[in-house]
Peer 1: 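Here it is: the structure, laid out below.
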Amino acid sequence: MSAGQIAALIAAIAFVVLVVLLAIPLLKLGRTLDEATVAIRKAHEGSAPLLVDAHTTLNSVNTQLERVDGITSNAKTVTSNVSVLTSLFTATLGGPLVRAAAFSYGLNKAIKARRAGRDGGVHSRGRRRGRKK
């Protein structure tokens with residue numbers, strides 16, 4: 001065996017070792033890709049019922065929102081009716097009620113002042129100006 005053949009043999013053995021060392025990570029990577037493929041398939045199969053349930057839930061929510069929209073429009077109508085009724089009440093009965101309250105307040109004050117005058121208060125009828133007691 002010559003030196004060139006020994007060098008070629010060493011180079012061939014080194015190449016085989018290199019190939020073996022590179023093959024191990026490639027095999028592990030292949031297994032990892034296989035597991036990822038299986039996981040993706042399972043996720044895809046499991047997502048179909050979830051999507052069906054989500055679709056059903058969305059339909060139910062849309063139905064409820066339509067009901068809430070109807071309730072909101074009815075509440076708006078009631079609010080406007082109450083506003084109109086309040087303004088009508090204020091226009092028809094508000095003025096007379098304010099006048100009646102003012103009259104009763106004034107009458108009450110006058111009665112109290114008259115009673116205070118009988119008891120010797122400032123508003124007494126019998127007392128005259130300029131006359132000393």
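Here, residue 1 is the first one in the sequence, and each next residue gets the next number.
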Peer 1: Out of V84, L85, V78, which residue meets the side chain to side chain contact (heavy atoms under 4.5 Å, CB included) rule with V82?
Peer 2: V78

Peer 1: In Å, rounded to the nearest 0.5 Å, how long is the span from OG1 of T32 to CG of L27?
Peer 2: 10.5 Å

Peer 1: Evaluate the side-chain proximity of R115 to K112: yes if any heavy-atom separation is below 4.5 Å, no if none is.
Peer 2: no

Peer 1: Say whether, by atom type as modelled, one donor and one acceptor occur between the side chain of S83 and the main chain of T79 under 3.5 angstrom.
Peer 2: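 No: the side chain of S83 does not pair with the backbone of T79.
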
Peer 1: For R67 and Q64, run side chain to side chain contact (heavy atoms under 4.5 Å, CB included): C-alpha distance rounded to whole Å, both residues' side-chain angles, the deciding distance at 0.1 Å, then the answer.
Peer 2: CA-CA 5 Å; R67 290 180 184 167; Q64 295 300 324; 3.2 Å; yes

Peer 1: When you group the ILVMFWY residues by side-chain heavy-atom contacts below 4.5 Å and let the links chain together, are L9 and L18 in the same group?
Peer 2: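 No: no chain of side-chain contacts under 4.5 Å links L18 to L9.
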
Peer 1: Report, one line per pair, each donor and acceptor closer than 3.5 Å where one atom sits in a side chain of residues 56-63; sequence neighbours left out.
Peer 2:
| residue | atom | partner | partner atom | Å |
| --- | --- | --- | --- | --- |
| T56 | OG1 | V52 | O | 3.0 |
| T57 | OG1 | D53 | O | 2.9 |
| N59 | ND2 | H55 | NE2 | 3.4 |
| N62 | ND2 | L58 | O | 3.3 |
| T63 | OG1 | N59 | O | 3.0 |

Peer 1: Using every non-hydrogen atom in the two residues, find where L22 and P25 come nearest and quote the distance to one decimal.
Peer 2: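 Minimum heavy-atom separation between L22 and P25: O-CD, 3.4 Å.
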
